[in-house]
Amino acid sequence: MSAAIGEHPHSPATLAGAVAAGRMSGRLWLYANYHCNLACTYCLTESAPGVPRRLLGGDRMRALADEAATLGFTAIGVTGGEPFLLPDLPEVVADLAARLPVVVLSNATLFTPALVERLRPWADLPVTVQVSLDRPDPVDNDAMRGPHNFRKVVEGVPLLVEAGIRVRVATTLELDEIGPEPTADQERLCVLHRALGVADEDHVIRPIVRRGRAATQGLGVVAARDDLEPELTVTADGAFWSPFAPTVTGGRLDIDLLVSRSTTPLELPVSRMLGFLEGRSPGHDTTLGIR
Amino acid sequence: MSRIALLTAPEAPFGLADLYADGDPGPIVAALAHIPELAEVTLPFLGAVLGPSAVGLRTKEIVILRSSAMLGCRYCVDAHTVVARDASLSVDEVRALRGEGDVAAAFAEDRERALIAWVDAVAVGPGDPPAAVAAAMAERYADADLVELTLLVGTTVMLNRFATCLRLPTGEQTRSRLDAEGWS
């Protein structure tokens, strides 16, 4: 197995080859946890304060980052749940970033001055914090994401920016709200993120995916496997096709997009992923713009 | 009621779609689907050991049904009662293998009686089978047959425990056959 991955780095049959050919993302996603201080209406993982935490653990994340770097991944993504609920996240992410560039997803509601102080070392590391902000108004935004979310985000993001940490804003909308030209609301949201210190190139808009709580609520767009960019994603429960795959519906983990239950060694799911990609042309996942 | 969720086609990992292409693949596949990388190696192994081979179908069904009865596996006894009848075992032979009749009376051939004694000893154990049972097998079967039949017992025992402990349900088609033929 290792020979297939290691000996021919430019072959399409290798991870590096698949990434170079645009057939697979170079980012390895890690689901740090599944619990969250919010319970957003469209959450893929039905995250909320009391759900099973499904913790990956700091040591496991570090080991995965080591393997990822060796195998040829080019970046790490950390998501959840709300990763910043984990007490050791600042140190874990710093260690990951010593191996590969890291993007950490967050609802940005926990960035107190004390926490941001602990994050200051990230300013000198390849770390980006991607925060969710969907609407330019507190009422509309908080209806989907929970009370006081808007206020906490607009207070928290400048603290990160001032600490020298790169911030991206991710806006999640219904597919029919995403057009070639921004709506008036989206223009106002752009004015807002610029005011918070986030540049236009660090703002992404993507559709709600109809999985997890979004499916239960009848929200979002149905996405089949080929609508999702192949981005190997490791959780406490296994390795999945994409970070949009290890969802929870009705309290039960969805495994329709499970690559393998085993994630040790990481070569195992990588090899399986490459096998699934054989004969699959690049660009399958671009139609819906799910990122 | 099964102890685990038996995965339907839309719930099962995408890599196993071929197993669901012809409809319900049965509870063993639907259970193994929870772990695709194991399903992909286990199912070909089971097919090779339990499927057509140098040992005839009748002989294999004697082994499988008897092992399943010795282990008290309701799921496997149900399924292989039907398969054994299709493999031309008589009603009396099937009843004897299920532990509901006399093996010596139902099976006229020494060779098959020796095999059944071997299955009983291997399936339940513990330890080395009795010398007389082993000697009777050695007289009547080549080494290759002994290897294959013993592997078949072991594989069936594995499935017996898997199906029993996960409480896999008898399939509807099998249940209908059993009811129609008076096995219930």
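In what follows, chains are A, B, ... by sequence order, proteins preceding strands, each numbered from 1. All values below were derived from every heavy atom in this structure, side-chain atoms included, with hydrogens, water molecules and symmetry-related copies excluded. Since the structure is predicted, the reported quantities are computational estimates derived from the model, not experimental observations.
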TODO: For the pair B:E37 (side chain) and A:R261 (backbone), establish whether a donor and an acceptor sit closer than 3.5 Å, ignoring hydrogens and angles.
DONE: yes
Open item on the list: Counting only non-hydrogen atoms closer than 4.5 Å, does B:A33 touch chain A with its backbone (N, CA, C, O), its side chain (CB onward), both, or neither?
Closed with: backbone
Open item on the list: In the structure I gave you, are the side-chain heavy atoms of A:L258 and B:P36 within less than 4.5 Å of one another anywhere?
Closed with: yes
- [ ] With rounding to the nearest 0.5 Å, note down the distance linking CD1 in A:I255 to CZ in B:F14.
- [x] 11.5 Å
TODO: Would you indicate whether B:D179, at its atom CG, is surrounded by more than 12 heavy atoms from other residues, nucleotides or ligands within a distance under 6.0 Å?
DONE: yes
- [ ] State the CD1-OG distance between B:I35 and A:S260, to the nearest 0.5 angstrom.
- [x] 10.5 Å
Open item on the list: Please classify the contact between B:L7 and chain A as side chain, backbone, both or neither, with a heavy-atom cut-off of under 4.5 Å.
Closed with: side chain
Task: Over 12 non-hydrogen atoms of neighbours within 6.0 angstrom of CZ in A:R53 - done: no
TODO: Might you confirm whether atom CG of B:D22 has over 12 heavy atoms from other residues, nucleotides or ligands at distances under 6.0 Å?
DONE: no
Open item on the list: Can you tell me if B:R167 has over 12 outside heavy atoms packed within less than 6.0 Å of its CZ?
Closed with: no
- [ ] Would you indicate whether A:Q217, at its atom CD, is surrounded by more than 12 heavy atoms from other residues, nucleotides or ligands within a distance under 6.0 Å?
- [x] yes
